[in-house]
Amino acid sequence: MDDQTRMLTGLTGLGGLPQPDVGDPDSVRKQQSLGQPQQDIGDILQQIMAITDESLDEAQARKHALNCHRMKPALFSVLCEIKEKTVLSIRGVQEEDPPDPQIMRLDNMLLAEGVSGPEKGGGSAAAAAAAAAAGGSPTDSSIEHSDYRAKLAQIRQIYHSELEKYEQACSEFTNHVMNLLREQSRTRPISPKEIERMVAIIHRKFSSIQMQLKQSTCEAVMILRSRFLDARRKRRNFNKQATEVLNEYFYSHLSNPYPSEEAKEELAKKCGITVSQVSNWFGNKRIRYKKNIGKFQEEANLYAVKTAVDAANVSAQASQANSPATPNSGGYPAPCYTPDGRL
DNA sequence: ATCTATGATTCACC
DNA sequence: GGTGAATCATAGAT
């Protein structure tokens with residue numbers, strides 16, 4: 001009995017293996033035509049392939065039997081040799097690809113919107129600023145603001161929980177595949193590098209799923225944002241007190257109705273609006289005043305009186321007289337009024 | 001329904 | 001970047 005025949009009998013004697021059909025005349029013919037060695041190897045390979053069709057316990061037992069088989073090292077070395085030849089053609093085909101620019105774009109956006117960054121970072125601050133600039137009374141904007149924040153937080157939460165799920169699934173799957181490959185490396189030649197490559201492939205697959213998640217999150221944020229920006233166009237008039245403060249400043253600085261940055265901040269604080277709203281207001285006011293001074297005459301006189309009265313009060317309170325708020329020299333034409341407040 | 005007032009936006013200019 | 005000018009879009013008055 002030669003080695004291969006012994007091996008065959010050894011394998012068939014392992015139990016549970018399909019016995020070569022000795023009684024079958026076809027089988028006998030095959031044995032004769034193939035020649036003993038090829039036929040034996042063919043059987044072994046067939047048995048290896050058959051493992052996949054079996055239950056786990058059976059397969060484990062079979063695997064163990066095969067691993068213990070004394071021909072296994074020989075088969076293994078043959079597989080190694082084949083592998084060595086084929087690997088040369090595979091090598092270098094799939095090398096490190098550069099970071100996907102689209103992923104980077106999505107990442108940057110998610111970071112900017114405060115979805116992927118630290119909990120209460122720049123993104124929400126920016127949103128807050130935008131919300132504040134949205135106009136309307138301070139209460140309205142804060143309602144819109146909190147609404148926006150709440151929705152953003154919701155998106156953020158979903159994004160993170162999904163991301164976590166994906167990451168967990170990815171690492172679980174990676175572990176599983178690595179274990180499988182390590183296990184298989186006992187029967188077929190698998191280099192650590194190949195395992196690495198396989199892991200990279202898995203990661204690529206999962207990162208493409210992640211990209212989809214990022215994309216849909218971005219879309220959600222964009223929709224939220226556009227809704228929010230639409231809401232911004234829903235103009236709300238400033239309250240009476242705010243308009244009064246702004247008008248007072250405007251008419252008392254008619255010669256130069258350009259508040260400094262500090263003055264704008266002060267006015268914004270007084271009126272409960274943002275600095276950019278103050279800028280808008282002054283921009284509109286200047287142009288509209290200039291366009292139709294006549295129309296604003298009454299208003300101008302009213303505030304001139306107010307300013308004069310205030311100035312008078314101040315001077316009355318102070319022991320020494322102060323000069324009026326702002327002399328009107330140049331700049332925008334002043335309304336006509338007498339120093340005592342009469343028109 | 002229509003008009004007016006007004007806050008916001010856009011664009012060109014400096 | 002701040003401003004003027006034109007324009008948009010809507011609230012509020014009629």
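Hydrogens, waters and symmetry mates are skipped; everything else that's a heavy atom, side chains included, is used. To find a chain, count down the sequence lines: A is the first, B the second, and so on, and within it residues start at 1.
Residue-level contact check: A:Lys285 touches neither bases nor backbone, having no heavy atom under 4.0 Å from any strand.
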Solution key, residues 163-172 of chain A side-chain donor-acceptor pairs under 3.5 Å, sequence neighbours excluded:
{"unit_1": "A:Lys165", "atom_1": "NZ", "unit_2": "A:Glu162", "atom_2": "OE2", "d": "3.0"}
{"unit_1": "A:Ser171", "atom_1": "OG", "unit_2": "A:Gln168", "atom_2": "O", "d": "3.1"}

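Put simply, A:Asn280 has no side-chain N or O that comes within less than 4.0 Å of OP1 or OP2 on B:dG7. An OP1 or OP2 oxygen of C:dT10 is reached within less than 4.0 angstrom by no side-chain nitrogen or oxygen of A:Arg236. Phosphate contact (OP1/OP2 of B:dG7, side-chain N/O of A:Gln277, threshold under 4.0 Å): absent.
A side-chain donor-acceptor contact under 3.5 Å links A:Asn247 and A:Lys285. With 3.5 Å as the limit, one finds a donor-acceptor pair spanning the side chains of A:Tyr251 and A:Glu299.
Nearest to the side-chain atoms of A:Asn237 among the listed nucleotides B:dT6, B:dA8, C:dG4 stands B:dT6.
Rounded to whole angstrom, the span from the CG atom of A:Asn256 across to the P atom of C:dG4 amounts to 10 Å. One atom, CH2 of A:Trp281, and another, C1' of B:dT9, lie 19 Å apart when rounded to the nearest Å. Between A:Phe296 atom CZ and B:dT4 atom P there is a gap of 14 Å when expressed in whole angstrom units. C:dG4 atom C1' lies 8 Å from atom CZ of A:Arg286, rounded to whole Å. Taking atom CZ on A:Phe250 and atom P on B:dG7, their separation rounds to 13 Å, with Å as the unit.
A:Phe173 is not listed as a side-chain neighbour of A:Lys205, based on a closest heavy-atom distance of 4.5 Å or more.
Under a 4.0 Å N-O distance rule, the pair A:Lys270/A:Glu265 does not qualify as a salt bridge.
Shown here are the salt bridge (Lys or Arg N to Asp or Glu O under 4.0 Å) partners of A:Lys264, two or more places apart in sequence or in another chain: there are none.
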Nucleotides 5-7 of chain C: which of its N/O atoms have a protein N/O under 3.5 Å away?
{"unit_1": "C:dA5", "atom_1": "OP1", "unit_2": "A:Lys290", "atom_2": "NZ", "d": "3.2"}
{"unit_1": "C:dA5", "atom_1": "OP2", "unit_2": "A:Lys290", "atom_2": "NZ", "d": "3.1"}
{"unit_1": "C:dT7", "atom_1": "O4", "unit_2": "A:Arg288", "atom_2": "NH2", "d": "3.3"}

